[in-house]
Structure formats: C-alpha cells, structure tokens
Amino acid sequence: MEIKGRVHKIGNVEVIKTASGSEFKKRELVLDASRFDPLTGEKMFDNFPSFEFVQDKVALLDDLKPLQVVTVSFDLQGREYTKDGQTKYITTVRGYK
C-alpha cells in the first residue's frame with residue numbers, strides 16, 4: 001500500500017530491547033495526509049498517519065525534511081497476544097520505502 005503526504009514529524013531513532021535480550025532500531029514518521037475538497041480547496045478533515053520504520057529502514061528517513069512531499073510504501077502487520085487470560089490484537093503500520 002502507498003500514501004502520499006507532507007512530512008509532519010520525524011522521530012528519533014530508538015533502540016528497543018526484546019524479551020529475549022536482543023535489540024532492534026525503530027523510528028517514527030508522521031505524515032500530514034489531510035484531505036481537501038477538490039473544488040474549493042478547503043480542508044475536509046485532518047489525517048496524520050504514523051509509520052514505524054525498523055532496523056535498516058530507519059536510515060530512509062535521514063534525508064527527509066518537514067513539509068517535504070513524500071510517498072510512503074507500507075504494510076499492515078497484526079499480531080495476537082494473550083495476557084492475564086485476555087487475548088488482544090496489535091496492528092502496526094510498518095513503512096519500508
């Protein structure tokens with residue numbers, strides 16, 4: 001999937017420790033992909049999706065600047081986990097390009 005928008009925020013690189021003791025890098029990118037009326041140009045509604053880039057993909061964000069127009073390719077990744085007898089679901093929007 002792809003989405004086009006303006007760079008709203010670029011997070012710092014975070015190093016996350018896993019339960020097994022290994023580490024991975026993660027960085028957030030937030031786009032301003034607000035929608036506008038094609039006839040009047042007025043903003044219809046705000047849209048600020050957040051994307052998670054991990055490991056070697058965090059470097060893709062190094063040269064981006066706020067307000068720069070970009071196209072982000074991404075996948076939706078979901079996982080299930082059970083804690084205290086309750087099953088919950090987490091969806092991650094993972095950017096890769």
Side-chain angles (χ1 to χ4, degrees):
M1 291 182 263
E2 288 186 338
I3 188 170
K4 189 173 189 173
R6 292 189 183 274
V7 174
H8 182 70
K9 176 185 173 191
I10 304 166
N12 294 322
V13 176
E14 298 177 54
V15 177
I16 310 294
K17 288 193 181 223
T18 66
S20 66
S22 61
E23 296 181 342
F24 70 95
K25 294 185 292 185
K26 168 174 123 168
R27 194 170 188 189
E28 178 187 44
L29 171 67
V30 179
L31 288 187
D32 180 352
S34 298
R35 304 247 174 121
F36 294 85
D37 184 292
L39 297 175
T40 66
E42 292 180 24
K43 186 183 279 191
M44 294 170 51
F45 62 88
D46 289 336
N47 186 20
F48 292 93
S50 173
F51 302 88
E52 181 180 273
F53 286 74
V54 297
Q55 295 299 74
D56 61 325
K57 303 299 182 194
V58 300
L60 295 173
L61 307 181
D62 288 347
D63 295 329
L64 297 183
K65 305 286 185 239
L67 302 179
Q68 181 179 348
V69 175
V70 296
T71 300
V72 176
S73 298
F74 65 96
D75 287 325
L76 295 177
Q77 298 179 339
R79 57 194 175 280
E80 175 182 86
Y81 77 96
T82 302
K83 182 177 181 180
D84 300 328
Q86 289 191 333
T87 301
K88 297 190 178 197
Y89 301 89
I90 297 174
T91 302
T92 302
V93 183
R94 178 98 14 111
Y96 64 86
K97 183 176 169 189

Roughly how far, to the nearest 0.5 Å, is the CZ atom of F36 from the CE atom of M44?
10.5 Å
When every non-hydrogen atom of L39 is compared with those of D37, the smallest separation belongs to N-OD1, 2.7 Å
In Å, rounded to the nearest 0.5 Å, how long is the span from CG of L29 to CG of L61?
5.5 Å
Contacts of T91 that satisfy side-chain hydrogen bond (donor to acceptor under 3.5 Å, both in side chains) - sequence neighbours left out
none
Hydrophobic cluster of F24, others only, ordered by chain and residue number, side-chain cut-off 4.5 Å:
I16, V54
What pairs with K57 under salt bridge (charged side-chain N to carboxylate O under 4.0 Å, His left out), at least two apart in sequence or on another chain?
none
Can you get from L76 to F53 by hopping between Ile, Leu, Val, Met, Phe, Trp and Tyr side chains that sit under 4.5 Å apart?
yes
Residue pairs passing the side chain to side chain donor-acceptor pair (under 3.5 Å) test with at least one member in residues 62-76, sequence neighbours excluded, are E2-S73, R27-D62
Applying salt bridge (charged side-chain N to carboxylate O under 4.0 Å, His left out) to R6 and not counting sequence neighbours gives none
K17: what forms a salt bridge (charged side-chain N to carboxylate O under 4.0 Å, His left out) with it, not counting sequence neighbours?
E23
The side-chain hydrogen bond (donor to acceptor under 3.5 Å, both in side chains) partners of Y81 (sequence neighbours excluded) come to none
Applying side-chain hydrogen bond (donor to acceptor under 3.5 Å, both in side chains), name anything that partners D46, two or more places apart in sequence or on another chain.
K43
For V30, the rest of its hydrophobic cluster, which grows through side-chain links under 4.5 angstrom:
F48
Output for pair (K83 NZ, K88 NZ), nearest 0.5 Å, gives 8.0 Å
For the hydrophobic clusters of this structure (ILVMFWY residues joined by side-chain heavy atoms under 4.5 Å, transitively), does one cluster hold both V72 and M1?
yes
For the student: nearest non-hydrogen atoms of G5 and L31, plus distance
N-CD1, 4.1 Å
How far apart are the closest heavy atoms of Q55 and K25, and which atoms are they?
OE1-N, 2.7 Å
Within a strict 4.5 Å, meaning less than it, do heavy atoms of the P49 and I3 side chains meet?
yes
Give the minimum heavy-atom separation between T87 and T82, together with the two atoms involved.
OG1-OG1, 3.2 Å
Can you name the residues that form a salt bridge (charged side-chain N to carboxylate O under 4.0 Å, His left out) with E28, not counting sequence neighbours?
K9
Please write out which residues are connected to Y96 in a hydrophobic cluster, directly or through intermediates, given that two of Ile, Leu, Val, Met, Phe, Trp, Tyr count as joined at side-chain heavy-atom separations below 4.5 angstrom.
none
What residues form a side-chain hydrogen bond (donor to acceptor under 3.5 Å, both in side chains) with E80, not counting sequence neighbours?
Y89
